[in-house]
Amino acid sequence: MPDSTRDSVLTEIPVVVASASSVSLRSWRSRGPPESRVPRARRLDLPGQVLLTMVLAVVVGVLIEGPRIGWTSPAALAGYAWAAVATAGFVWVESRRREPLMDLRLFRRPIFSGAVVGAVAVFVGLNMTLLLNTLYLQNTRGWTPLAAGMATLPLAVGATVCAPWSGRMVGRAGPRLPLLLAGGFITVGGLCLVRLTPHTSVFLLLAAYALIGVGFGFANAPITNTAVNGLPPARAGVAGAITSTARQLGAALGIALAGGLVTATSPTELAHASRPGWILVATCGVLLFFVAHVSRTKGASTGPASQQAR
């Protein structure tokens, strides 16, 4: 992987750290939106915040550096052990605090846990698409940065047009239909590129980017709606914070995984090396069908978030 690419992935670690911190800070500094009806500000959970930050930073770091240092190297094995111990510590601490950073009992609710999985999946797919597209167009096809950026315009237009449309659909009929549309578009967009070659048609590339952008646009509003309405009204702020953190985690994982796929790959081999990434993008779309299924549970399409989506 070029140094510039490694630098770009490494910048995601502070993003993950800041995102993990935001879960606690949002609960501590504010009383939440009006519909949350939180009677008082929650206490700052520093032990949980530190442990969660350690878990996310180590996981992302190992994914970024694994191809370079070796997945079974002493450094990688130490990273696995560190992540496992920090995860166990986080679970132990959070299960014993009166006001935890992240109440793990919330994940027993299929609606909420499904929405968190969906948030991670959508941003893994989006960020894998952006990085693999950039490396492929510039390194393999020799396009200028400006031309490669212009090629992503269909993705941006699709997301921009469909995001408000998705919000209106959620407000009228709930999250299931936009989630199904998001899953379908992202899945088809990823599948369009699983046979990517250095000479793939530009039309197919632009069509795939547009499909993924449309899927991304449809995904965000129903995922937030499903997460918020999957918990009691008093926990709406927590649901929003956790979902936001899940999105940032997905972004970091997507960039790290995409970078790992093409590390030390020559420009002529990059298209073939990136194929598993496009399969993963399609898989992220399939996961949204699961989120759509759990969103059918009673209460997922009603409540404050649905009213807000209108």
Side-chain angles (χ1 to χ4, degrees), residues 1-26 48-69 71 75-76 78-87 90 101-102 107 113 115-135 152 155 159 186 190 212-213 215-216 219-220 223-224 227 240-263 273-274 276-285 287-288 291:
M1 183 173 14
D3 290 340
S4 59
T5 306
R6 179 171 288 109
D7 291 343
S8 70
V9 257
L10 288 174
T11 61
E12 288 297 320
I13 292 181
V15 173
V16 172
V17 172
S19 301
S21 303
S22 71
V23 178
S24 182
L25 291 174
R26 291 178 189 183
Q49 187 173 339
V50 170
L51 287 168
L52 180 59
T53 300
M54 287 173 57
V55 172
L56 299 181
V58 172
V59 169
V60 173
V62 170
L63 285 174
I64 292 171
E65 297 297 331
R68 183 180 64 84
I69 64 178
W71 297 108
Y80 306 148
W82 187 6
V85 170
T87 300
F90 178 74
L101 168 69
M102 188 180 298
F107 291 92
S113 57
V116 172
V117 169
V120 174
V122 167
F123 276 77
V124 167
L126 175 67
N127 285 273
M128 287 198 76
T129 297
L130 293 175
L131 183 57
L132 292 177
N133 160 72
T134 299
L135 296 176
T152 63
L155 188 153
I186 293 175
I212 293 171
F216 178 73
N220 275 302
I223 285 175
T224 300
I242 293 176
T243 306
S244 177
T245 300
R247 290 187 173 103
Q248 298 299 330
L249 174 61
L253 292 176
I255 291 177
L257 290 168
L261 287 173
V262 298
T263 297
S274 69
W278 297 114
I279 294 174
L280 182 55
V281 170
T283 303
C284 290
L287 283 174
L288 292 181
V291 181

Practice task
Test Phe123 against Asn220 for side-chain contact (heavy atoms from CB on, under 4.5 Å), laying out the working first.
Solution key: CA-CA 10 Å; Phe123 276 77; Asn220 275 302; 3.6 Å; yes
Report yes if the side chains of [X] and [Y] come closer than 4.5 Å at any heavy-atom pair, otherwise no.
X: Leu51; Y: Val55; answer: no
X: Phe107; Y: Met102; answer: yes
X: Leu56; Y: Gln248; answer: no
X: Trp278; Y: Leu261; answer: no

From [X] [atom1] over to [Y] [atom2], what is the distance, rounded to the nearest 0.5 angstrom?
X: Leu126; Y: Leu131; atom1: CG; atom2: CG; answer: 11.5 Å
X: Leu280; Y: Leu287; atom1: CG; atom2: CG; answer: 9.0 Å
X: Asn133; Y: Leu155; atom1: CG; atom2: CG; answer: 8.5 Å

Problem - Among Val122, Ile223, Val120, side-chain contact (heavy atoms from CB on, under 4.5 Å) partner for Arg247 - result: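 Going through Val122, Ile223, Val120 one by one, the side-chain contact (heavy atoms from CB on, under 4.5 Å) with Arg247 is satisfied by Ile223 alone.
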Problem - Passing option when Leu63 is tested against Leu257, Val58, Ile255 for side-chain contact (heavy atoms from CB on, under 4.5 Å) - result: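 Of the listed options, the one satisfying the test is Leu257.
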I need the minimum non-hydrogen distance between [X] and [Y], along with the two atoms involved.
X: Ala219; Y: Leu288; value: CB-CD1, 4.3 Å
X: Trp71; Y: Tyr80; value: O-OH, 2.7 Å
X: Ala252; Y: Val60; value: CB-CG2, 4.0 Å
X: Val59; Y: Ala83; value: CG2-CB, 4.2 Å
X: Val281; Y: Gly125; value: CG2-O, 3.8 Å
X: Ile64; Y: Ala256; value: CG1-CB, 3.7 Å

Practice task
Please answer whether the main-chain N or O of Gly240 pairs with a side-chain N or O of Ser244 as donor and acceptor at a distance below 3.5 Å.
Solution key: no
